[in-house]
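Here's the structure we're looking at; comments come further down.
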Protein chains: 2
Amino acid sequence: MTASPGKVVRGETLRKLVLDTALERFSTDGYFNTSIHDIRRQAGVSIGSIYHHFGNKEALAKALYDDLLQRMDAGLQQVMEESQDCRTRCDGIIAFLFETTAQAPQTMRFVLESRHREFLPDEPPVCSSQPFQRMRECIEQGMAAGELRPMEVPVAATVAFGGAIRLLHLYLDGVLDRPLSDFLPDMQEAAWRAIAMDPPRNTTRENA
Amino acid sequence: MTASPGKVVRGETLRKLVLDTALERFSTDGYFNTSIHDIRRQAGVSIGSIYHHFGNKEALAKALYDDLLQRMDAGLQQVMEESQDCRTRCDGIIAFLFETTAQAPQTMRFVLESRHREFLPDEPPVCSSQPFQRMRECIEQGMAAGELRPMEVPVAATVAFGGAIRLLHLYLDGVLDRPLSDFLPDMQEAAWRAIAMDPPRNTTRENA
DNA sequence: GTCTATACCCTGATAGAC
DNA sequence: GTCTATCAGGGTATAGAC
């Protein structure tokens with residue numbers, strides 16, 4: 001996301017370039033450690049252009065935030081539509097989280113690790129954003145369908161994906177020394193065990 | 001943690017007062033939204049005193065961070081010593097996390113929600129701090145003892161406590177409308193199901 | 001050890017030419 | 001739409017009296 005010297009960038013292209021640069025800086029240094037001048041320098045555009053397109057620094061962060069959340073939600077929505085089966089959906093969601101983190105760590109860092117309330121005071125907490133609501137929806141439907149064991153819904157939702165999300169944190173913090181994909185099957189299994197309805201206990205044979 | 005007017009505060013008492021005030025401001029507004037003047041004003045002390053005791057703003061945050069981590073670790077260590085049984089330990093850790101969050105939400109907010117790397121650049125990530133290592137230790141021992149099913153250790157560790165930690169986030173963000181304690185038993189059960197060794201399958205009866 | 005007053009820098013934001 | 005030059009304000013940190 002560094003400026004290519006000589007190439008003139010304008011309009012929507014410039015806007016995108018600024019967003020990309022902002023993501024890189026915000027996700028690595030943090031919002032407050034990044035000045036508009038830093039972004040200006042790295043993107044190779046002028047301060048005036050940034051303010052023309054976004055108005056102020058907070059609005060730039062908000063535009064970025066909305067953009068990333070919407071993309072994440074689109075991915076989750078697709079997973080939800082591909083199957084009605086709760087197990088398949090949960091596996092798909094965890095796989096999606098792992099893949100997105102591996103391919104776009106900066107996106108995940110910004111969505112998952114930033115404390116948005118500190119620089120977007122009017123924004124509701126991330127947990128209540130679209131992507132997280134969609135995960136909860138998956139759990140609610142699974143429980144209603146009897147695929148999940150009856151329990152407190154917030155517990156089911158957090159236990160289904162909380163382990164995966166914590167593993168993403170380890171990965172993003174550089175604590176994990178192996179690729180995320182190594183852990184995918186185990187994580188899917190473990191998450192499912194926590195919430196799945198008991199397998200029928202074969203009482204028939206014992207009664208016979 | 002507001003200054004009691006008229007009361008003269010000095011020495012170690014002043015130091016503690018500043019730490020308490022800093023915790024309150026950092027955990028609610030964030031490190032970067034809190035100026036030394038904010039802390040000075042709320043604590044009712046002078047800027048000079050703060051710089052005398054801590055040197056600079058970052059060192060103040062570091063002192064606070066170390067203090068809180070150490071207290072948390074002491075609590076976890078106690079849980080670990082009270083029993084050698086992995087199930088009891090896991091339940092105890094989750095209970096400890098819930099109780100601490102309910103009683104000292106600001107502490108948990110600062111330890112769990114802050115992005116320390118943004119203002120303590122030389123600090124290792126939280127995930128590798130003492131308290132988190134202790135949780136991992138619990139899991140490693142449980143697996144070695146055969147109480148937990150064989151699986152990738154990072155998966156077991158994150159799935160054992162990741163659900164609980166995510167629920168803490170919901171609570172701290174005000175998304176949960178009921179007290180944490182309502183969810184404790186369900187969370188302990190669910191976490192354990194994810195990692196526990198399969199109950200012996202009663203093959204004896206079938207073989208007989 | 002604690003205080004007040006102040007220096008100094010960086011940051012977000014604006015003005016106005018092109 | 002994009003640019004450069006500039007401003008005003010607030011932030012950390014220091015100096016030096018008490």
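Quick note on labels: first sequence line is chain A, next is B, and so on, each numbered from 1.
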Give me, pair by pair, the N or O atoms of the protein and of nucleotides 3-5 of chain C that are less than 3.5 Å apart, along with how far apart they are.
{"residue": "C:dC3", "atom": "OP2", "partner": "B:Ser46", "partner atom": "N", "Å": "2.8"}
{"residue": "C:dC3", "atom": "OP2", "partner": "B:Ser46", "partner atom": "OG", "Å": "2.6"}
{"residue": "C:dC3", "atom": "OP2", "partner": "B:Ser49", "partner atom": "OG", "Å": "2.6"}
{"residue": "C:dC3", "atom": "O5'", "partner": "B:Ser46", "partner atom": "OG", "Å": "3.2"}

Protein-nucleotide distance (A:Asn56, atom CG; D:dA8, atom P), rounded to Å
20 Å
To the nearest Å, how far apart are A:Ile39 CD1 and C:dA13 C1'?
14 Å
Atom pair distance, as rounded to whole Å: CZ in A:Phe54 and C1' in D:dG1:
14 Å
Donor-acceptor pair, distance only, cut-off 3.5 Å: does the side chain of A:Thr13 make one with the backbone of A:Val9?
no
Do the rings of A:Phe32 and B:Phe32 sit parallel, tilted or perpendicular, given the 30° and 60° boundaries?
parallel
A:Arg25 and A:Thr28: CA distance, side-chain angles, deciding distance, side chain to side chain donor-acceptor pair (under 3.5 Å) verdict
CA-CA 5 Å; A:Arg25 298 261 50 83; A:Thr28 54; 3.2 Å; yes
Any idea how A:Tyr31 and A:Phe26 line up, ring-wise: parallel (<30°), tilted (30 to 60°), or perpendicular (>60°)?
tilted
Strictly distance-based, threshold 3.5 Å: is any side-chain N or O of A:Asn33 a donor or acceptor partner for the main-chain N or O of B:Glu118?
yes
How would you list, by chain and number, every residue that makes a side-chain contact (heavy atoms from CB on, under 4.5 Å) with B:Ser83, sequence neighbours excluded?
B:Asp85, B:Thr88
What are the residues of residues 28-37 of chain B, sorted by number, that bring a heavy atom to within less than 4.0 Å of DNA chain C?
none
Correct closest heavy-atom pair for B:Arg134 and B:Gln77 would be NH1-CG, 3.5 Å
Counting heavy atoms from C-beta on, name the nucleotide in C:dT2, C:dG12, D:dA13 closest to the side chain of A:Tyr51.
C:dG12
Interatomic distance, A:Asp38 CG vs C:dT11 P [rounded to whole Å]
7 Å
Side-chain donor or acceptor of B:Ser35 paired with backbone N/O of B:His37 under 3.5 Å
yes
Taken to the nearest whole Å, CD1/B:Ile50 to P/D:dG11 is 14 Å
A:Gln133 CD: over 12 foreign heavy atoms closer than 6.0 Å
yes
Side-chain N or O of A:His52 versus OP1/OP2 of C:dT14: is the shortest distance under 4.0 Å?
no
Closest-nucleotide mapping onto DNA chain C: is A:Lys57 or B:His53 further toward the 5' terminus? I mean the 5' end.
B:His53
